Structure formats: structure tokens, C-alpha cells
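Because the structure is predicted, anything quoted here is derived from the model rather than measured. So you know, we letter chains A, B, ... as the sequences are listed, proteins then strands, and number each from 1.
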Number of protein chains: 2
Amino acid sequence: MDAFVARCRKAGLAVTPQRLAIFRRLAATDRHPSAEELHAAVRREMPTLSLATVYKTLDALAGIGAVRPVSRLGARGRWDANLEPHHHLVCTSCGTVTDVAEPRLEAAARPAAALAARHGFEAAGHSVEIFGRCAACRGRRRTGSSPQHEGRATWPRR
Amino acid sequence: MDAFVARCRKAGLAVTPQRLAIFRRLAATDRHPSAEELHAAVRREMPTLSLATVYKTLDALAGIGAVRPVSRLGARGRWDANLEPHHHLVCTSCGTVTDVAEPRLEAAARPAAALAARHGFEAAGHSVEIFGRCAACRGRRRTGSSPQHEGRATWPRR
DNA sequence: ATATATGCAAAGTCTTTGCAATTCG
DNA sequence: CGAATTGCAAAGACTTTGCATATAT
């Protein structure tokens, strides 16, 4: 919690009761709540909290890397007809997703099935998501100088 | 394409021009389009196609495993304050996401950075998504007898 | 004091649903 | 022909935005 406050200060973000409550709640669960679930939960102790503030806060905290979306693939539905095992390079800057087929990555995830079984989980498949910056975005250079976390939940549409 | 038709027939899904066009388009790209992007694209050759049909079709095709959402994590935004490297067991039946920390998976995914670099991609991290059925859903038993693909894009909210 | 953040309400975007007309098997 | 599918329009769900008020530093 202290680290969180320090992080906010360092980034120039005001430390408000709302942000503290939202972060505390998110840090206390591993259930990967949605904005609405967080809102409902935090609201019990802070009944005036608005849903809009939850959205704004998550965005702000993701921006400083204090929090992150569960998947880097963005919040919108995207579809694939490629049923072969393959993995994804997800650009956290522009949001493009590039397929990669790499047998070594297959082997890599092999311990996964055993791991899953230990949780009583019946694994049907897996996929590896590698996130970072694509060639095009690297070429474009970073705009700012402050550390980039690029934790936004969605990206501009193509 | 023949395989697709066979798959529909086998599953008892009617083979309509709309479904053919949507599948053909999706199979022809690796850009992981959204429903709206597909609609726009297919519409050029089939101007009467409605967006609602695209949604219904993707859902139907995912149900027979002919198509799948890019991520099994669902289309809604979910958040995480756990910044430690960890992976996810995603239940394709109820949609719950369980964290797993497994050092061996870390090591195993090491070829990822090199792989990404070969694509001009600057990897910042990765995560492994293992999908299947969680213990609770296995206990609940399958309802039907036909093959389950459970490719739906979203799950009922908790 | 002043720049930021909050809360509200309205607007915007994405997705689902109900239903009559149409099409597939 | 009977069941399934389509297109439309309306409803629903989720997220963002503008702005006046309140708050953090």
C-alpha cells in the first residue's frame, strides 16, 4: 500500500480516498473484477463512489503501471478462424495482434497441463500472449520521456 | 472450405450464404477482426448482411468450434493488481479465471523474447492462458452429449 | 491557490433480443 | 413443409465524456 502511494506521488497522481479504496480492493482479490464489480464492492464502504470514477481511476492507475488489464488483447471481441496452435504478439501501443507459430513455445507450455490438473482443472489448450511494442511502433519512437506502462484496457480501433 | 461445410452439416447447422461469406472472410485474414470489421468487409459483396447476423453467426460457429475468440478471457474488461508474473486458468464453461504462479512456465517461455525479436517486436512480458474446464464445472457434468467447443465470446456475469 | 479529481448525467459504442419474413434441408 | 436463419429495429450493457463542484498538494 505504501508502495502504491509512493508510485502515485512519483507519477504526480493525487492520492485520493477513491483511488486508495479502489486499489486496495483490487489488490485484495484475485478474482479479476470488472469495473462494475469493483464499483459495487467499494461502494459498500464509500457509497458516493461513482462508476465513472472507477473507470477513470483504473485508466489512470494502469497508466502508471499500478494495475493492469487481465489481458492485453483489449476489451473488444476479436475473432480467429485459425484453429492451429499459435500464439500472439500483442502490441501494447497500437493494439495489433500478430500470429506466431513456434513449436518451441508449444513445448514451453507443456508443464501447463500438469499444473492445471493440480488445480482440478481439465486443460483443453493454451495460448501464449507476448506483449510489447511492434516494429512499426518502435519506429515511431516514444512520445514522452516518462516510463511507459501502456496498460490501457483498449486501443483505438484500427 | 469443404471442411467447414462438413462441420456445419455434422453439427446440424444450416449452410447459408451469410455463414459461408463470414467464415470465408475470417479464414482469409490473420488480423483478428471484430464483428463490425467483418460486417463491413463482407458487406461489400453482400450488402444486405446485417450486423446482428454477424454476431449470431460468430456465436454459432464458435459453438461448433469452427471459429474462436482470440482470447478466452471474455470480451469484458477485467482488472488485476497482481503485477508478479503469473498465468491464467480460464474456464471456458463458467468464465472464471484462476491465477497460477509457476516458475517453470516462466523459464519455459524464454524462447519467446527471441521469437518476438525476429518479428521486430520488443517484448515486454508474456502470459500463458490455459483454457479448459475448472473443477467446479467438471463436477457439474456436461449437459449435452455432443462435442463441446465452448467457444463463446463472453460468459454470464458472475 | 491552483491544478486535479470527483460525481452526475448525457452521449457513445458494442452486443443481444424479439419477431415477422425468408430460406434451408 | 417444418425448423432454422435472416434482417430490422429496439433494447440492453458497458464505457466515455463534459462540466460544475469539491479536493489534494
Which of these nucleotides, [options], is closest to any side-chain atom of [X]?
X       : options                : result
B/Gln18 : C/dC14, D/dT6, C/dG7   : D/dT6
A/Thr16 : D/dA24, C/dT15, C/dC19 : D/dA24
B/Lys56 : C/dC19, D/dT15, C/dG25 : C/dC19
A/Arg19 : C/dC24, C/dA5, D/dT15  : C/dA5
B/Glu36 : C/dG25, D/dC14, C/dC14 : C/dC14
A/Val15 : D/dT25, D/dT5, D/dG7   : D/dT25

Rounded to whole Å, please give me the gap between [atom1] in [X] and [atom2] in [N].
X       : N      : atom1 : atom2 : result
B/Leu51 : D/dT6  : CG    : P     : 13 Å
B/Arg78 : D/dC14 : CZ    : C1'   : 14 Å
A/Trp79 : C/dC14 : CH2   : C1'   : 13 Å
B/Asp59 : D/dA4  : CG    : C1'   : 15 Å
A/Leu20 : C/dT6  : CG    : P     : 10 Å
A/Leu58 : C/dT6  : CG    : C1'   : 15 Å
B/Leu49 : C/dT23 : CG    : P     : 14 Å
A/Ile22 : C/dA5  : CD1   : P     : 13 Å

Short side-chain to backbone donor-acceptor contact, [X] and [Y], under 3.5 Å:
X       : Y        : value
B/Arg7  : B/Ile64  : yes
A/His39 : A/Glu37  : no
A/Thr53 : A/Leu49  : no
A/Thr92 : A/Gly132 : yes
A/His87 : A/Val128 : yes

Can you check whether [X] has a side-chain N or O nearer than 4.0 Å to OP1 or OP2 of [N]?
X       : N      : value
A/Thr48 : C/dG7  : yes
B/Tyr55 : C/dT16 : no
B/Arg9  : C/dC24 : no

Touch class at under 4.0 angstrom, heavy-atom based, for A/Pro17 against every strand present: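 Sugar-phosphate contact only.
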
Touch class at under 4.0 angstrom, heavy-atom based, for B/Thr53 against every strand present: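 Counting heavy atoms under 4.0 Å across all strands, the contact made by B/Thr53 includes a base.
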
Ring-ring centroid check A/His32 B/His88, cutoff 6.0 Å: yes

Please list, for nucleotides 10-12 of chain D, all pairs of protein and nucleotide N/O atoms separated by less than 3.5 Å.
none

B/Leu13 vs A/Thr57, nearer the 5' end of DNA chain C by closest nucleotide: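 Residue closer to the 5' terminus by nearest nucleotide: A/Thr57.
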
Carboxylate-amine/guanidinium contact A/Arg24 A/Glu45, below 4.0 Å: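 Salt bridge flag = yes for A/Glu45 with A/Arg24.
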
Considering all heavy atoms, the nearest A/Arg25-A/Val42 contact: CB-CG2, 3.8 Å

Upstream residue (5' side of DNA chain D) when B/Gly12 and B/Ala52 are each assigned their closest nucleotide: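 Looking at the nearest nucleotide for each, B/Gly12 comes out on the 5' side.
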
